[in-house]
Each structure stands twice: as structure tokens, then as C-alpha cells.
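All heavy atoms count here, side chains included; hydrogens, waters and symmetry mates do not.
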Amino acid sequence: MKSFREFLLEMSQPIEKKECDINGICKVIKEYESAGNEEKILSVYKDSKGLPTIGHGHLVTKESPKIFSDLNISQDVLAGKAKLTPEQADQLLKRDVQVRLPQVQKMIPNLATYSPNLQAEIASEHFRGMLGKSPKAVSLINKGEFEQAATEFLDAKDYRDSLQQKTGIAGRMEKLSNALKKEAQLRKRQQSGSQTNQVSLNSSTLQ
């Protein structure tokens, strides 16, 4: 599996040469966006906010025609006269990942040091636009206060509305919250292990 750090070093490579496996980020996004309906994503559809979307979470905007042209994807797809192929959907996702991951890196400078699971969940929520809506959670993440960030991230109107309306947004947000809690536990175990090793080393030195 390609690491996030390796991905950043290979930014200059053509999209078609990139493997969409950056610490599982693409896999997580594909699972969330297609939700088991691979056929749906091949045409323009409405996301949970009612916005036109296609492929694995590509928001259709005024830039989309040029993006499709650059990827040699027919404009008929955007016009509803044709469908993406699964390969084109993957190509579009790789393009979006290539563009957006540096944005995530800018928001979370230490992203590459986190566990692969947390990296994937952070990237997914950034792509969905929710991470940027929670500056307090972002600040706590950057301070290494993962448990507090986990609680703060769910203290949001989107989360409460999703619970009430029983949409999938709450589940996605909970996965990031859980990943943050696991990161906190991982760091505690690492710190405890480091302290134990230091005590053992000091004890050996005194003998």
C-alpha cells in the first residue's frame, strides 16, 4: 500500500500511473460514495445534500466539463446522455484525490504521521466538506488531543440532523470520531511502552 508521504513525493506523475490505494483513502471513499450501488454512481445523481454528483463523490461544478475533457471523458456523461465506465469513475476519483489530498495536508500538517485508518477517515470527511465546518475539531486534532476532537466533531448540526432523519451522514461522522478515539488509545499505548522501556533501561544502567 502506498503511504501518504510517498503520494506527495509522486505528485508529478500522470494520474493514470497512480494507484488509488493511498493508505486506504480511496477504498474508504469508494465504499461511502457508492454504498453498494455501483450502477448509480455512473450517472449524475443527488448527494445527501441534494447536490449533483457523479462517480465516487465528484461534485458537479462549473469546472467539471474541463476536468472531464482533461480526462478524455465525454461531455455527454454530464448531460445525462451517457454513463461513466467503472474505469472512468476510478480515474475521476484518482484525479480528485490528487487535487484534494494536499488540501487535507495543509489543514492537518501531521496527517502523514497518523494511522492509515485515521488518515482515510479524515480525508473522506474533508472530501465531503464536513471537516472544514468543524475548526475546533481540526484545532484539537492538530494539538494531538484526539479524544476531545472525537467528541467535538460529533457536536454538529449535520450529525444531529442525520440521526433524526436517519441518513448515512451520521455513520460517516461516527467513523471519524471512532478513528480519533483509537488514535488516542494508540498514542497512549505507545507512550506507556516508551516509558516502560526507559525505566528498564535506567534500571539496567544502575546495576
Side-chain angles (χ1 to χ4, degrees), residues 1-11 20-33 47-51 53 56-59 61 63 93-195:
M1 181 180 293
K2 189 190 304 295
S3 71
F4 184 73
R5 196 184 305 278
E6 288 171 330
F7 171 81
L8 292 177
L9 292 174
E10 296 174 4
M11 281 291 291
C20 205
D21 63 351
I22 306 138
N23 278 357
I25 290 172
C26 292
K27 179 181 178 181
V28 168
I29 293 172
K30 289 174 72 171
E31 288 175 349
Y32 285 155
E33 297 301 336
D47 68 3
S48 59
K49 297 178 181 178
L51 300 175
T53 307
H56 302 291
H58 176 84
L59 189 65
T61 67
E63 286 82 25
L93 175 60
K94 285 194 285 186
R95 179 267 169 198
D96 288 346
V97 167
Q98 180 176 335
V99 170
R100 296 184 184 183
L101 273 184
Q103 299 171 359
V104 185
Q105 172 76 18
K106 185 176 180 180
M107 183 180 292
I108 311 288
N110 291 325
L111 182 69
T113 68
Y114 300 162
S115 65
N117 181 50
L118 181 55
Q119 288 185 34
E121 295 298 341
I122 285 176
S124 175
E125 283 303 274
H126 172 76
F127 286 14
R128 194 173 67 82
M130 189 58 209
L131 192 63
K133 290 183 178 181
S134 187
K136 289 184 179 179
V138 171
S139 177
L140 289 167
I141 292 172
N142 286 330
K143 291 177 182 177
E145 298 176 3
F146 300 108
E147 288 185 352
Q148 295 93 321
T151 301
E152 177 63 35
F153 186 64
L154 296 185
D155 186 15
K157 184 176 183 298
D158 288 50
Y159 179 67
R160 291 187 288 271
D161 288 347
S162 179
L163 288 177
Q164 184 175 10
Q165 298 164 11
K166 298 182 179 180
T167 66
I169 291 175
R172 290 180 64 165
M173 294 182 69
E174 286 169 357
K175 286 189 176 182
L176 174 53
S177 179
N178 290 335
L180 287 165
K181 292 175 183 177
K182 289 180 181 179
E183 190 75 14
Q185 294 168 359
L186 175 63
R187 299 296 175 104
K188 287 179 180 179
R189 288 197 298 269
Q190 290 174 339
Q191 185 177 12
S192 177
S194 177
Q195 291 173 346

Looking only at heavy atoms, which two atoms of [X] and [Y] are closest? And how far apart?
X      : Y      : result
Phe127 : Asp96  : CZ-O, 4.4 Å
Ala149 : Ala137 : CB-O, 3.8 Å
Ile141 : Tyr114 : O-OH, 3.4 Å
Val99  : Pro102 : O-CD, 3.5 Å
Met107 : Asn142 : O-ND2, 3.1 Å

With His126 as reference, evaluate Leu131, Val138, Ile108 under the side chain to side chain contact (heavy atoms under 4.5 Å, CB included) test and give the passing residue.
->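 Only one of Leu131, Val138, Ile108 forms a side chain to side chain contact (heavy atoms under 4.5 Å, CB included) with His126, namely Leu131.
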
Out of curiosity, [X] [atom1] to [Y] [atom2], how far, rounded to the nearest 0.5 Å?
X      : Y      : atom1 : atom2 : answer
Met130 : Asp158 : CE    : CG    : 4.5 Å
Gln119 : Gln105 : CD    : CD    : 9.0 Å
Arg95  : His58  : CZ    : NE2   : 6.5 Å
Leu101 : Leu111 : CG    : CG    : 7.5 Å

Testing Glu121, His56, Arg128, Glu125 for side-chain hydrogen bond (donor to acceptor under 3.5 Å, both in side chains) with Tyr32, which one passes?
->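 Result: among Glu121, His56, Arg128, Glu125, Glu121 is the only option passing the side-chain hydrogen bond (donor to acceptor under 3.5 Å, both in side chains) with Tyr32.
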
For Glu147, the option from Lys188, Gln185, Lys181, Arg187 that meets side-chain hydrogen bond (donor to acceptor under 3.5 Å, both in side chains) =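 So the option named by the test is Lys188.
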
Would you find a donor on one side and an acceptor on the other, under 3.5 Å apart, between the side chain of Asn117 and the backbone of Glu183?
->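 Pair absent, no side-chain N/O of Asn117 close to backbone of Glu183.
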
Any side-chain heavy-atom pair from Leu180 and Gln148 closer than 4.5 angstrom?
->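 Answer no - side chains too far apart.
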
Let me have the donor-acceptor pairs involving side chains of residues 168-179, under 3.5 Å, with sequence neighbours excluded, atom names and distances please.
unit_1, atom_1, unit_2, atom_2, d
Arg172, NH1, Glu33, OE2, 3.1
Arg172, NH2, Ser124, OG, 3.0
Glu174, OE2, Tyr159, OH, 2.6
Ser177, OG, Ala150, O, 3.0
Asn178, ND2, Glu174, O, 3.2

Could you walk me through whether Lys182 and Leu186 pass side-chain contact (heavy atoms from CB on, under 4.5 Å), step by step?
-> CA-CA 6 Å; Lys182 289 180 181 179; Leu186 175 63; over 6 Å; no

Could you tell me whether Gln165 atom CD has more than 12 heavy atoms of other residues or ligands within 6.0 Å of it?
->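 Result for CD/Gln165: enclosed.
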
